[in-house]
Amino acid sequence: MTSTDPLLKSALQHLRELRKTLLRLHKALLDSERVEYEQLHGRIKSSNEFFQLVIGDEWFSWLRPISQFIVQIDEFLASKEPVTLNEANQLLEQARVLIQPCSEGTRLEKQYYRAIQRDPDIAFMSAEVTKILAK
């Protein structure tokens, strides 16, 4: 995927930066949710058990759209087919819609809002995502 279009290059750079920041945020959200889960349900004994909970337990289901979106960015950035500025901008807009904390929104928005309230590191990373998406 090579392009001489400076707008497309800029959008792709924003997507790479967004992906990197979303990965850090996603890990922080997983870690934070793990702590909350263990306080109610007891210690998670292994990484495998945690992985099984993340992919199958309702507790962690609100994080799955973020996981899927990161994969979508990965697939787009790795595409062997030419990509367009419009496609890149659509992904950035999708991120703006997906990554919105709100106390009265969807389950993802509410859980994300709560995570930001309880964890300053998540709040900081959320601000980084917002900054990237504002560019």
Side-chain angles (χ1 to χ4, degrees):
M1 166 180 31
T2 60
S3 170
T4 56
D5 179 353
L7 292 175
L8 177 57
K9 282 185 177 183
S10 177
L12 293 174
Q13 183 56 39
H14 281 104
L15 279 171
R16 286 184 196 95
E17 191 178 347
L18 175 64
R19 179 196 175 276
K20 181 180 170 184
T21 305
L22 280 178
L23 279 173
R24 286 184 23 248
L25 174 62
H26 188 259
K27 182 181 181 336
L29 289 167
L30 283 169
D31 292 345
S32 180
E33 284 302 301
R34 181 179 184 154
V35 169
E36 295 290 309
Y37 182 91
E38 287 180 332
Q39 287 175 350
L40 285 173
H41 301 283
R43 186 177 164 294
I44 299 170
K45 295 172 183 64
S46 68
S47 296
N48 186 51
E49 180 184 357
F50 182 52
F51 177 72
Q52 293 303 318
L53 288 168
V54 168
I55 62 171
D57 193 282
E58 181 62 25
W59 183 280
F60 298 94
S61 66
W62 71 272
L63 290 165
R64 291 184 198 126
I66 299 171
S67 308
Q68 293 163 349
F69 183 67
I70 293 168
V71 170
Q72 192 176 351
I73 293 173
D74 287 344
E75 289 172 349
F76 180 78
L77 292 173
S79 176
K80 295 188 187 321
E81 300 297 318
V83 297
T84 67
L85 177 60
N86 186 47
E87 292 168 325
N89 285 336
Q90 285 176 353
L91 277 174
L92 290 166
E93 182 56 33
Q94 189 176 344
R96 286 181 192 96
V97 172
L98 180 66
I99 310 297
Q100 284 189 42
C102 182
S103 63
E104 298 297 323
T106 65
R107 181 162 183 248
L108 186 153
E109 291 168 341
K110 289 189 276 191
Q111 292 296 103
Y112 183 37
Y113 177 85
R114 289 182 191 127
I116 288 170
Q117 300 305 307
R118 74 174 174 252
D119 188 325
D121 290 335
I122 291 173
F124 179 74
M125 286 182 240
S126 179
E128 285 184 55
V129 169
T130 301
K131 183 178 175 185
I132 293 166
L133 292 173
K135 292 181 182 178

Item to complete: List in chain and number order the residues that pass side chain to side chain contact (heavy atoms under 4.5 Å, CB included) with Q13, two or more places apart in sequence or in another chain; answer none if no residue qualifies.
Response: R16
Discussion item. Checking one residue: I55. Which other hydrophobic residues are in its cluster under the side-chain 4.5 Å linking rule?
Written reply: F51
Item to complete: Measure the shortest side-chain to side-chain distance between V35 and D31 over non-hydrogen atoms and say whether it is less than 4.5 angstrom.
Response: no
Worksheet item: Who passes side chain to side chain contact (heavy atoms under 4.5 Å, CB included) against N89, sequence neighbours left out?
Response: A11, L85, L92
Worksheet, complete the sentence: Interatomic distance, CG@L22 vs CG@L133, rounded to 0.5 Å, equals 7.5 Å
Worksheet item: Y37 versus D57: any side-chain heavy-atom pair under 4.5 Å?
Response: yes
Practice prompt. Please report the shortest heavy-atom distance between E109 and V97, naming the atom on each side.
Written response: OE2-O, 4.4 Å
Fill in: Residue pairs involving residues 117-132 (criterion salt bridge (charged side-chain N to carboxylate O under 4.0 Å, His left out); sequence neighbours excluded)
R24-E128, E33-R118, E36-R118
Item to complete: Specify the closest pair of heavy atoms between D5 and L7, including all atoms of both residues, with the distance to one decimal.
Response: OD1-N, 2.9 Å
Worksheet item: Quick one: side chain to side chain donor-acceptor pair (under 3.5 Å) pairs with a partner in residues 38-51, sequence neighbours left out?
Response: R34-E38
Fill in: Co-membership, hydrophobic cluster, residues M125 and Y113, 4.5 Å side-chain
no
Response to the item:
So CZ of R64 and CG of L108: to nearest 0.5 Å the spacing works out to 12.0 Å
Discussion item. Is it the case that over 12 heavy atoms from other parts of the model lie below 6.0 angstrom from the NZ atom of K135?
Written reply: yes
Item to complete: Can you sort out the partners of E93 under side-chain hydrogen bond (donor to acceptor under 3.5 Å, both in side chains), two or more places apart, ordered by chain and number?
Response: R96
Discussion item. If I take atom CD1 from residue I70 and atom CG from residue L23, how far apart are they, to the nearest 0.5 angstrom?
Written reply: 4.5 Å
Discussion item. Among residues at least two apart in sequence or on other chains, which ones pass side chain to side chain contact (heavy atoms under 4.5 Å, CB included) with S10?
Written reply: H14
Worksheet entry | Sequence-distant partners of Q72, side-chain hydrogen bond (donor to acceptor under 3.5 Å, both in side chains), two or more places apart | Q94
Worksheet item: Between L40 and L29, is there a shared hydrophobic cluster once you connect ILVMFWY residues whose side-chain heavy atoms come closer than 4.5 Å?
Response: yes
Item to complete: Not counting sequence neighbours, which residues clear ring pair (Phe, Tyr, Trp, His ring centres under 6.0 Å) with F69? List them please.
Response: none
Fill in: Listed partners of V54 passing side chain to side chain contact (heavy atoms under 4.5 Å, CB included), at least two apart
L30, F50, F60
Worksheet item: Within the distance-only criterion (no hydrogens, no angle test), does the side chain of T130 pair as donor or acceptor with the backbone N or O of S126 below 3.5 angstrom?
Response: yes
Worksheet item: From L18 CG over to L12 CG, what is the distance, rounded to the nearest 0.5 angstrom?
Response: 12.0 Å
Worksheet item: Residues in side-chain hydrogen bond (donor to acceptor under 3.5 Å, both in side chains) with R107, at least two apart?
Response: E58, S61
Practice prompt. Please list, chain by chain and in numerical order, all residues satisfying side-chain hydrogen bond (donor to acceptor under 3.5 Å, both in side chains) with H26, sequence neighbours excluded.
Written response: S67
Worksheet item: To the nearest 0.5 Å, how far apart are OG in S32 and CD in Q111?
Response: 10.0 Å
Fill in: Interatomic distance, I66 atom CD1 to Y112 atom OH [nearest 0.5 angstrom]
7.0 Å
